[in-house]
Asks: 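Take a look at this one; I'll ask things after.
Just the heavy atoms: all of them, side chains too, but no hydrogens, waters or symmetry mates, feed the values below. Not measured: the values here are computed from a predicted model. Convention: sequence-line order gives letters A, B, ...; per-chain numbering from 1.
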Amino acid sequence: MTSLGHGSSTCSLEWAQEIGFNSFNKGIDYKKGLFIIDNMKIKSSIPPEEFNGPLNLDITINSGQTSQPAWINEENYFKELLIVNNQPVLVRLSTDEITGAVLMELESNNEFSFKPVMEEIRYIFDLDFNLTLFHEFLKEDPVLAPTIDFCNGLRLFKAHNVFECLISSICSANNSIIRWSRSIGTMRQKWGDSCILPSGRFYTFPTSETILQLPEHEVEEMEMCGGEKNIEECIHNLKACGVGYRGKYMKDAAKMVTERISLHELGQMSYEKAFESLLDLPGVGPKVADCILLYGYGRGEAFPTDIWIKRIISHLYFEGKDVKVDKIREFGQEHFGEYAGYTQLYLFHYARKSGLLDKLKPLKKQ
DNA sequence: ACCCAGGCGTCAG
DNA sequence: CTGACGCCTGGG
């Protein structure tokens, strides 16, 4: 695989492409903030004036309201392996405490172009979203205004791949964050492509073609290998990842998006039509469909309504009455419009940090 | 030490 | 509409 991204259209960072990433051009461009360590390692930054409002990586990554497990937090940065133009790049991110700039360290086994990776980072953390305008929107509603102080720099944590988002979201249903994250990690290790970098071994998420033919449980795995293994040795199946009954959903959904439903076309549809289409996938109900639309496709009008959002909205807007989930979803969409997704994010984080979430927990029977 | 109820969102009945 | 689903958590 050669370095990609050459020939892209004009952009303020065209120089980065021109510098490219080969031994002839090794060097440091201090003025532009691009530091080429060697052929396969770059340090750079996105200055705060190049995105709209602050970014708080910690609360964004750990908001709990996402479609994918958190990036690994190590020392003072967050890291994740991204696939950009089919090329694996290890990304380490932090923010400058003084300036708020996004600091990044990129590492790969091959030459790679800087600009597409930076664009990917901008996309994942929704850096083009105008937080200032959103704050204005929040201030208009006295119920929402208090969320601002609790959510400084909180942004959507978008998925870097729609298929991965779909499978992760199916896995997240009726699940805990810990169990869910562990399952996804296990799946990556078992069936993802392994990528060995100077700083360790990393795994990509398996493709749909891989997932659709995985054995669902140990019995199926044993049958598939012709009974050559003992049942205890059969750990390369979906159930062994701790996904429980969701294994069948994940497998069947992978089959459907490989053979019948185009994830690309889904992205072109109207919100309502895409929502309805997603419901046809096994393991995808209203909550998961909205997660996929919001985090996978960046559809801000989606209002994923889980039990917590239901409780929060009921408390804040319906005097604590037990309103049905689909009514809450409808309310969120109508009331918050294009900001529904962000509002859901802010309300949840606010409720968590302000102690409201604890108050809304149903009373244990004595 | 051990057990078992409770909780999460979707599906099937 | 209700219960089942798998697994982890927390309280007894």
Side-chain angles (χ1 to χ4, degrees), chain A residues 62-70 159 165-187 189-190 211 214-221 231 234-257 261 274-296 302-315 321-333 340-341 344-345 347-349 351-352 356-366:
Chain A
N62 294 307
S63 64
Q65 306 294 92
T66 66
S67 67
Q68 304 197 256
C165 173
L166 166 71
I167 300 301
S168 303
S169 298
I170 290 173
C171 188
S172 74
N174 194 19
N175 211 336
S176 70
I177 291 176
I178 313 108
R179 185 150 58 103
W180 169 64
S181 307
R182 193 163 43 222
S183 294
I184 301 299
T186 308
M187 287 179 67
Q189 275 191 40
K190 287 189 199 289
I211 290 181
L214 292 176
E216 205 183 303
H217 42 63
E218 58 273 25
V219 178
E220 199 176 309
E221 183 180 347
I231 197 94
C234 292
I235 52 164
H236 287 271
N237 57 79
L238 281 166
K239 196 164 169 284
C241 301
V243 301
Y245 56 88
R246 301 169 195 83
K248 184 166 175 50
Y249 299 153
M250 294 158 89
K251 190 177 162 173
D252 291 348
K255 195 170 163 66
M256 279 177 74
V257 298
I261 294 183
F275 181 80
E276 292 301 324
S277 306
L278 281 167
L279 293 184
D280 290 341
L281 294 168
V284 179
K287 153 68 165 48
V288 168
D290 268 337
C291 280
I292 295 165
L293 284 162
L294 182 59
Y295 303 106
F303 192 72
T305 309
D306 62 7
I307 187 76
W308 292 109
I309 290 301
K310 175 188 136 109
R311 286 174 189 152
I312 292 165
I313 293 286
S314 297
H315 172 77
K321 281 206 285 282
D322 185 17
V323 182
K324 296 272 168 272
V325 186
D326 48 337
K327 285 289 165 203
I328 301 277
R329 171 174 173 265
E330 222 170 88
F331 172 85
Q333 289 184 341
Q344 170 260 13
L345 193 63
L347 279 173
F348 181 76
H349 189 74
R352 190 194 235 179
L356 176 60
L357 223 51
D358 293 325
K359 269 200 339 201
L360 295 178
K361 277 178 188 160
L363 293 168
K364 303 252 177 234
K365 53 181 177 186
Q366 50 279 36

Asks: With hydrogens left out and only the distance checked, is there a donor-acceptor pair under 3.5 Å joining A/Tyr245's side chain and the base of B/dG9?
Replies: yes
Asks: Would A/Val243 and A/Tyr249 count as a side chain to side chain contact (heavy atoms under 4.5 Å, CB included) if you check the C-alpha gap in whole Å, the side-chain angles of each, and the deciding distance to 0.1 Å?
Replies: CA-CA 10 Å; A/Val243 301; A/Tyr249 299 153; over 6 Å; no
Asks: Reckon A/Val243 touches a base, only the sugar-phosphate, or nothing at all at heavy-atom distances under 4.0 Å?
Replies: nothing
Asks: Answer with base, sugar-phosphate or nothing: what part of the nucleic acid does A/Leu279 contact at a heavy-atom distance below 4.0 Å?
Replies: nothing
Asks: Give one of base, sugar-phosphate or nothing for A/Trp308, where a contact means two heavy atoms less than 4.0 Å apart.
Replies: sugar-phosphate
Asks: So, does A/Glu221 use its side chain to make a donor-acceptor pair with the main chain of A/His236 at under 3.5 Å?
Replies: yes
Asks: Between A/Lys310 (side chain) and A/Val323 (backbone), is there a donor-acceptor pair under 3.5 Å?
Replies: yes
Asks: Do side-chain atoms of A/Arg246 reach the backbone of A/Ala173 as a donor and acceptor pair under 3.5 angstrom?
Replies: yes
Asks: For the pair made of CZ in A/Arg182 and P in B/dC8, what is the distance, rounded to whole Å?
Replies: 18 Å
Asks: A/Ile178 has a side chain; which of C/dT9, C/dG6, B/dC11 sits nearest to it?
Replies: C/dT9
Asks: For A/Arg329, which contact category applies under a 4.0 Å heavy-atom criterion: base, sugar-phosphate, or nothing?
Replies: nothing
Asks: Can you tell me if NZ on A/Lys248 sees more than 12 non-hydrogen neighbours from other groups inside 6.0 Å?
Replies: no
Asks: Mind running a 4.0 Å heavy-atom check of residues 286-294 of chain A against DNA chain B and sending the residues that fall below it, in number order?
Replies: A/Pro286, A/Lys287, A/Val288
